[in-house]
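Before any comments, here is the structure.
We name chains A, B, ... by the order of the sequence lines, and we start the count at 1 in each one.
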There are 2 protein chains.
Amino acid sequence: MVSSSGTESRRVTIHDVARSAGVSRQTVSRALNDKDEIDGATKQRVLDAARELGYRPSRFARGLVRQDTTTIGLVIPDLLNPFFTEVAAAALEAARARGWHVVVYDTADRAEEEFGTLQVIASQVDAVVGYFSCSEQDLERFTRGLPVVLIGREHHTGRFSSIRIDGEEGVHTAVAHLVAAGHRHIGMLDHDGRAEPSVRREWFATAAAAHGIAADRVVGAPQSADGGGTALRKLLGTHPEVTAVFTFNDIIAIGALREARRLGRSVPEDLAVVGFDGLQLGTLVEPPLSSVALDTRRLGALAIDQVARLLTGLEPLGADDLVVRAQLRLGGSA
Amino acid sequence: MVSSSGTESRRVTIHDVARSAGVSRQTVSRALNDKDEIDGATKQRVLDAARELGYRPSRFARGLVRQDTTTIGLVIPDLLNPFFTEVAAAALEAARARGWHVVVYDTADRAEEEFGTLQVIASQVDAVVGYFSCSEQDLERFTRGLPVVLIGREHHTGRFSSIRIDGEEGVHTAVAHLVAAGHRHIGMLDHDGRAEPSVRREWFATAAAAHGIAADRVVGAPQSADGGGTALRKLLGTHPEVTAVFTFNDIIAIGALREARRLGRSVPEDLAVVGFDGLQLGTLVEPPLSSVALDTRRLGALAIDQVARLLTGLEPLGADDLVVRAQLRLGGSA
DNA sequence: TTGAAAGCGCTACCAC
DNA sequence: GTGGTAGCGCTTTCAA
């Protein structure tokens, strides 16, 4: 924090204003905080002096004595990914409704950034919300006693809260929809991020099994539209019999949609596509994307709500309430 | 700010830790801040006590004495609008590089929200960056002496800095491109937000005039894809001779693209479309959007750079450097 | 209506 | 290596 006036410039304090206005510091405080136990003329004189000197109260000093501002740290892997943007927007809105401030951190999808972010954040906020890929142990190491709410990730120690994303039923419905439309050979474009297959793929496998169809036509894709396109081509190369695909998320699905068009496959006739997330973005493409949709607003709001409980010592929500269920939303791509 | 442990719970201070570890407060401080003038065993004992008690330093007390954390307030009209998201992401990145914190505020595109936001923000940050629709007078009233950098808006008092967006040349190139492709009847889908026509429309008019074509086929559109679609239909209804459109921004252009497809007009053969902004989103649609593109990364970085100068008393950048020029980027839609 | 004093929680600077 | 003291800039008693 540095003063803005050009040269040298010590910070202008309440003391300077007091001296300049010929009153005491507490009178300055009264004038600035709109207390009524002050003479109108005095108040005006103080206000003028303050403006004159370019005085601005120190948020630290004020925070120290008033202990009433709450700041949440929101950690997002990638703000350019529309899904996270939607969650962030929802969280911001929920926080604003409570008069809270939200400091946003974008870890740029790099796990290494997380530690730095955590370190820097932990000393500056009252609670942390967001996505982390590091271990709970590391998380604990950096956040000490801070309330932490994880999104889209299970927690295994009692130390944390987490908002669970449950797409089992939604994916089941999606597969049922595809099967009802006559599809028997359904592929999946999974993400290729981690070593182990995604939970979404497990949901897909379960749903496929329930309908007596195979779930082994899976290709990994980077979480981008280009990645989705490439993956689709690879999938169709290996499994030309495929007439429908379910994807890890909407970004990948949109890439697949585009690729299908390039391959001369019309959607949904020649190839049905179902995404996951239910992004607003999905409504912009043609045909609009069918997707197993998540209520991102609820997701963000729920996280903030849980933080509020943690912060005020209210009874926190239990695991059963900390769930966002996905639902199939039909666009036209399937 | 409230303690997180359930009942009653006064804040755990450095004093408590000191007493519990049987040392003085400054020794605790040393242990926690990793100073080397401390005995290893003592340090461990202090750390243990701190963990035991769930101690977390007060950021206000620390900030008060160390005066070294910088926090920027970033005000965005709508985080769900990809353009602002890109700018925000760029600003976050630039700020992170400096070790600054960024508090993000979304005014939800409502002018009324601005005052509240400004009030709340002004006392919590060291500088403000972003989009505002209120008067400079109001801006000054709330921000007092705070450094303020406006984006995409001219300032008229010396009080503020602003990053200017210059699309004149880019739009000229775009119109030239359309004309070279044989288009003589070019319409525009402007935004319908304000009373007066947009600057982008003026650029369009200037460019059209330079090529000796009319620029009076203009329809207003809400800043959404649906809005763009509706506006295109209206435009083609009134001016069926139109074979190309320039739009206020990419969102509107994408809506127009979609509508064109629904109307059975193939793009770019039957209708050429050129947007403005150059969003990544434009590459996801088919055909990829041609757009007068802005370097949003540079925009965000420039804003943060100027804040840095203002904050440190360095010579601020002048108007000539605070410009982001738009350039035509061809996709396939024109 | 105003001012003096105390103290929020922490770190820096000096003694020891 | 450790502790005492002072003070960061502000608000909140309490007296005048």
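Per the geometry, CZ belonging to R59(A) stands 14 Å off P belonging to dG9(D), to the nearest Å. Rounded to a whole Å, the CZ atom of F60(B) is 12 Å from the P atom of dC10(C). Distance, I14(A) CD1 to dA4(C) P: 14 Å, rounded to whole Å. For the pair D16(A) CG and dC8(D) C1', the interatomic distance rounds to 14 Å; values are reported in whole Å. For H15(A) and dG7(D), the NE2 to C1' distance is 13 Å, given to the nearest whole Å. For the pair N33(B) CG and dG1(D) P, the computed distance is 17 Å after rounding to whole Å. Per the geometry, CZ belonging to R19(B) stands 15 Å off P belonging to dG3(D), to the nearest Å. Rounding to whole angstrom units, CG of residue D34(B) and C1' of dT11(C) are separated by 15 Å.
Each of G40(B) and V28(A) lies near DNA chain D, and the nucleotide nearest G40(B) is the one positioned closer to the 5' end. Sequence order on DNA chain C of the closest nucleotides to R25(A) and I38(A) puts I38(A) first from the 5' end.
A salt bridge is defined here as a Lys NZ or Arg NE, NH1 or NH2 lying under 4.0 Å from an Asp or Glu carboxylate O, and R45(A) with D48(A) fails to meet this definition. With salt bridges taken as basic N to acidic carboxylate O contacts below 4.0 Å, one links R98(A) and D305(A).
R96(B) and T117(A) are linked by a side-chain donor-acceptor pair at a separation below 3.5 angstrom, with hydrogens and angles left out of the test. Residues S133(B) and E114(B) have side chains that bring a donor and an acceptor to within less than 3.5 angstrom of each other. Side chains of Q26(B) and S24(B): a donor on one and an acceptor on the other come within 3.5 Å.
Ranking dG9(D), dA6(D), dG9(C) by closeness to the R11(A) side chain, first place goes to dG9(D). For V23(A), taking side-chain heavy atoms from C-beta onward, the closest of the listed nucleotides dG3(C), dC10(D), dT11(C) is dG3(C). Picking from dT11(C), dT2(D), dT2(C) the nucleotide with the shortest atom distance to the side chain of T27(A) gives dT2(C). Of the listed nucleotides (dC8(C), dG4(D), dC10(D)), dG4(D) has the atom at the smallest distance from the side chain of S24(B).
When V307(A), L322(A), V323(A) are each tested for a side chain to side chain contact (heavy atoms under 4.5 Å, CB included) with L302(A), only one passes: L322(A).
Between R62(A) and dG9(D) there is no side-chain polar atom (N or O) within less than 4.0 angstrom of OP1 or OP2. Between S58(A) and the phosphate of dC8(D), there is no side-chain N or O to OP1/OP2 separation shorter than 4.0 Å.
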Report task. Just do the side chain to side chain contact (heavy atoms under 4.5 Å, CB included) check on F60(B) and T69(A) with the steps written out, would you? Result -> CA-CA 10 Å; F60(B) 295 112; T69(A) 42; 3.3 Å; yes
Pairs: protein N or O with nucleotides 12-16 of chain C N or O, under 3.5 Å:
none

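Counting non-hydrogen atoms under 4.0 angstrom, L64(B) reaches a base of the nucleic acid.
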